Trainee: 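Following this message is one structure expressed as structure tokens.
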Amino acid sequence: MRMVRKLAVCSAMAGSFLAMPDALWAQGEARPGPAYTRPATQAGNHPTNVDDSALDPAFSGVSGADRVQNPSAQERVLPPVPIVSEDAARQEAWALTLAFRHEVPVALPVSAAYKAAWVALARQQLAQAGYVLDRPQVLVVVDRNPKVQRLCLILALPSDEDWQVIGSTKVSTGTTGRKYYYITPTGVFPNSAERLGYRALGTKNENGIMGNGTTGMRVWDFGWQWTEKGWLASREKAQIRLEMHATDPVYLEQRLGHTASEGCIRIPSSLNVFIDRHGLLDVEYEQWAAVDRRFAALLRKDRVASSIAGLAVVVVDTADYAMPLPAAGALKNADAQHRHATRG
């Protein structure tokens with residue numbers, strides 16, 4: 001019996017491997033499979049272009065169980081979540097926008113039509129999930145539409161409908177037509193402190209692919225989620241371990257913008273570092289880092305946590321959007337024009 005079909009986080013049967021302190025779980029369609037020994041990092045596999053000086057080497061590749069058994073707030077007093085005014089939030093979002101343009105070279109423009117669609121659909125998903133916007137915060141909005149495949153960082157404001165775009169890149173979500181490949185579910189997926197994510201080990205699978213990207217790349221774990229089996233016409237439902245992570249920078253990152261994953265969300269490495277360094281999904285992790293060394297060990301030592309950090313990834317699908325949008329070809333043309341302009 002083959003132990004592992006792939007070393008990528010999105011495994012064949014569940015969408016992920018969950019690395020634990022003493023074992024690596026190969027996850028089944030609806031339940032954890034047998035424990036396996038965590039594979040060792042391959043010699044000579046450390047990338048020379050990744051600054052991991054701010055990472056805790058003892059925490060790379062280690063993840064918690066399904067639920068982190070955190071003491072109650074009564075037992076440990078957590079620091080408050082930062083709350084800023086909407087004017088201050090807009091100023092911080094603009095500072096992040098400038099940083100995004102500098103730190104994420106694969107940044108792409110966002111048209112007014114797509115911004116409106118992503119905001120409207122994100123609002124819809126938030127309402128359906130009962131997610132309350134009680135403070136200005138960043139949302140990571142992912143469009144799984146096969147013709148779009150984009151991620152957009154958006155400042156969401158509780159009392160203002162004019163939400164602010166920070167930056168956008170191509171991504172890859174779950175594809176269809178291949179066995180054990182699942183369609184990335186829509187919905188609101190919080191980076192809750194009830195689960196502890198981990199960092200990529202940089203290990204390669206049998207095809208020489210680093211499924212989670214280079215050593216130190218962040219892997220955000222959103223737990224077990226119901227979704228559709230992309231290889232079945234019936235779209236039978238199953239549970240996968242939904243995660244967001246980088247991908248192989250040589251072989252797969254250049255193919256972002258097309259559905260390709262087994263259900264997880266693949267993002268560019270520069271975006272991975274940007275979200276990680278600015279703590280844009282870590283508002284709960286920052287609280288627990290003050291009282292629990294596991295969270296402190298996972299977070300970068302050189303991070304500058306944003307005052308508008310949030311915790312939610314919102315997956316939408318503009319294929320379901322009622323209003324007309326520019327053709328996908330027009331979106332690609334805008335991308336090409338943007339790349340040409342940024343080259344000078």
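What you see is a predicted model, and the numbers here were worked out from it, not measured in a lab.
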Trainee: Look up atom CG in Leu242 and atom CD1 in Ile265, then write down how far apart they are to the nearest 0.5 Å.
Mentor: 5.5 Å

Trainee: Check Arg199 with Asp276, please: is the shortest side-chain N to carboxylate O separation under 4.0 Å?
Mentor: yes

Trainee: If you apply the rule side-chain contact (heavy atoms from CB on, under 4.5 Å), what do you find for Glu253 with Ile267, and how did you get there?
Mentor: CA-CA 8 Å; Glu253 187 163 326; Ile267 65 175; over 6 Å; no

Trainee: Tell me whether Asn191 contacts the main-chain N or O of Leu281 through its side chain, where contact means a donor paired with an acceptor under 3.5 Å.
Mentor: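 Yes.
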
Trainee: I'd like to know if the side chain of Gln287 and the backbone of Pro79 have a donor-acceptor N/O pair within less than 3.5 Å.
Mentor: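 A pair under 3.5 Å: yes.
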
Trainee: Is there a side-chain contact between Leu108 and Thr169 in this structure, where contact means two heavy atoms from C-beta onward sitting under 4.5 Å apart?
Mentor: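 Side-chain contact under 4.5 Å: no.
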
Trainee: Any chance you could measure Glu86, atom CD, to Asp162, atom CG, to the nearest 0.5 Å?
Mentor: 10.5 Å

Trainee: Is there a path of hydrophobic side-chain contacts, each under 4.5 Å between heavy atoms of I, L, V, M, F, W or Y residues, that connects Leu232 with Tyr182?
Mentor: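 In one cluster: yes.
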
Trainee: Does this structure show an ion pair linking Arg241 with Asp221, if we count only N-O contacts that are shorter than 4.0 Å?
Mentor: yes

Trainee: State, yes or no, whether a side-chain contact exists between Asn145 and Tyr321 at a heavy-atom distance under 4.5 Å.
Mentor: no

Trainee: Regarding Arg266 and Asp248, does a basic nitrogen lie under 4.0 Å from an acidic carboxylate oxygen?
Mentor: no

Trainee: Does any N or O in the side chain of Tyr285 come within less than 3.5 Å of the main-chain N or O of Leu298, such that one atom is a donor and the other an acceptor?
Mentor: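 A pair under 3.5 Å: no.
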
Trainee: Can you check whether Leu133's main-chain N or O pairs, donor with acceptor, with Gln137's side chain at less than 3.5 Å?
Mentor: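 No.
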
Trainee: Would you mind reporting whether Gln164 and Arg90 have side-chain heavy atoms less than 4.5 Å apart?
Mentor: yes

Trainee: Which word best sums up how the rings of Phe295 and Trp288 line up, parallel for under 30°, tilted for 30 to 60°, or perpendicular for over 60°?
Mentor: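 Taking Trp288 first and then Phe295, their aromatic rings sit tilted (interplane angle of 30° to 60°).
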
Trainee: Which atoms form the tightest heavy-atom contact between Pro249 and Thr214, and what is the distance?
Mentor: CG-CG2, 3.8 Å

Trainee: Can you see which heavy atom on Ile166 is nearest to which on Ala93, and at what distance?
Mentor: CG1-O, 4.0 Å

Trainee: What's the verdict on side-chain contact (heavy atoms from CB on, under 4.5 Å) for Glu161 and Arg123, showing C-alpha distance, side-chain angles and the deciding distance?
Mentor: CA-CA 10 Å; Glu161 295 184 358; Arg123 284 180 175 277; 3.6 Å; yes

Trainee: NZ of Lys237 to CD of Gln225: how many Å apart, nearest 0.5 Å?
Mentor: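 So the NZ of Lys237 and the CD of Gln225 are separated by 11.5 Å.
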
Trainee: Any side-chain heavy-atom pair from Ile209 and Lys204 closer than 4.5 angstrom?
Mentor: no

Trainee: Do the side-chain N and O atoms of Arg144 and Thr184 include a donor-acceptor pair separated by under 3.5 angstrom?
Mentor: no

Trainee: Is any side-chain heavy atom of Val314 closer than 4.5 Å to a side-chain heavy atom of Val142?
Mentor: no

Trainee: Taking atom types as modelled, find out whether Asp143 and Thr318 have a side-chain donor-acceptor pair closer than 3.5 angstrom.
Mentor: yes

Trainee: For the residue pair Trp231 and Tyr181, is the inter-centroid distance of their aromatic rings smaller than 6.0 Å?
Mentor: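 No: the rings miss the under 6.0 Å criterion.
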
Trainee: Is it true that a side-chain atom of Thr215 and a backbone atom of Leu201 form a donor plus acceptor pair closer than 3.5 Å?
Mentor: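 Checked: pair present.
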
Trainee: Could you check Leu139 against Trp163 for side-chain contact (heavy atoms from CB on, under 4.5 Å), going step by step and ending with a plain yes or no?
Mentor: CA-CA 10 Å; Leu139 296 178; Trp163 291 6; 3.8 Å; yes

Trainee: Between atom OG of Ser269 and atom CZ of Phe274, what is the distance when rounded to the nearest 0.5 Å?
Mentor: 14.0 Å

Trainee: Against His278, only a single residue in Glu92, Glu103, Arg300 fulfils side-chain hydrogen bond (donor to acceptor under 3.5 Å, both in side chains); can you say which?
Mentor: Glu103

Trainee: Angle between ring planes, Phe189 versus Phe222, binned at 30° and 60°: parallel, tilted or perpendicular?
Mentor: tilted

Trainee: Does Glu228 reach the main-chain N or O of Ile183 with its side chain, forming a donor-acceptor pair under 3.5 Å?
Mentor: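 No.
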
Trainee: Measuring only between side-chain heavy atoms, which start at C-beta, is Arg303 closer than 4.5 Å to Glu286?
Mentor: yes

Trainee: Calculate, to the nearest 0.5 Å, the distance between atoms CD and CG belonging to Gln124 and Asp320 respectively.
Mentor: 8.5 Å

Trainee: Given side chains that start at C-beta, do those of Pro109 and Ser168 come closer than 4.5 Å, heavy atoms only?
Mentor: no

Trainee: So if you build clusters from Ile, Leu, Val, Met, Phe, Trp, Tyr with side-chain heavy-atom gaps below 4.5 Å, do Leu256 and Met244 land together?
Mentor: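 In one cluster: no.
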
Trainee: Look at atom CZ of Arg235 and say whether more than 12 heavy atoms of other residues, nucleotides or ligands are closer to it than 6.0 Å.
Mentor: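 Atom CZ in Arg235 is packed in, count exceeds 12.
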
Trainee: Report whether Leu252 and Val250 are members of the same hydrophobic cluster (ILVMFWY, side-chain heavy atoms less than 4.5 Å apart, transitive linking).
Mentor: yes

Trainee: Can you give me the closest heavy-atom contact between Ala312 and Val188, atom names plus distance?
Mentor: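 Closest pair (atom of Ala312, atom of Val188, distance): CB-CG1, 4.1 Å.
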
Trainee: Do Arg277 and Asp302 come within less than 4.5 Å of each other through their side chains, counting heavy atoms only?
Mentor: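 In short, these two side chains touch, coming nearer than 4.5 Å.
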
Trainee: Run Arg135 and Val283 through side-chain contact (heavy atoms from CB on, under 4.5 Å) and show every step you take.
Mentor: CA-CA 12 Å; Arg135 51 181 284 273; Val283 69; 4.0 Å; yes

Trainee: Is the closest side-chain donor-acceptor distance between Thr259 and Gln149 under 3.5 Å?
Mentor: no

Trainee: Can you name the nearest heavy-atom pair linking Leu157 to Pro136, along with the distance?
Mentor: CD2-CB, 3.8 Å

Trainee: Work out which heavy atom in Cys264 is nearest to a heavy atom in His245; give both atom names and the distance.
Mentor: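 The pair with the smallest heavy-atom distance is CB-NE2, 3.7 Å.
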
Trainee: Working to the nearest 0.5 Å, report the span between CG of Leu299 and CG of Asp282.
Mentor: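 Reported to 0.5 Å precision, the distance equals 5.0 Å.
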
Trainee: To check you understand the geometry: which heavy-atom pair defines the closest contact between Val165 and Val110, and what is its length?
Mentor: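 Taking Val165 first and Val110 second, the nearest heavy atoms are CG1-CG2, 4.0 Å.
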
Trainee: Among Val104, Leu96, Val140, Val141, which residue meets the side chain to side chain contact (heavy atoms under 4.5 Å, CB included) test with Leu153?
Mentor: Val140

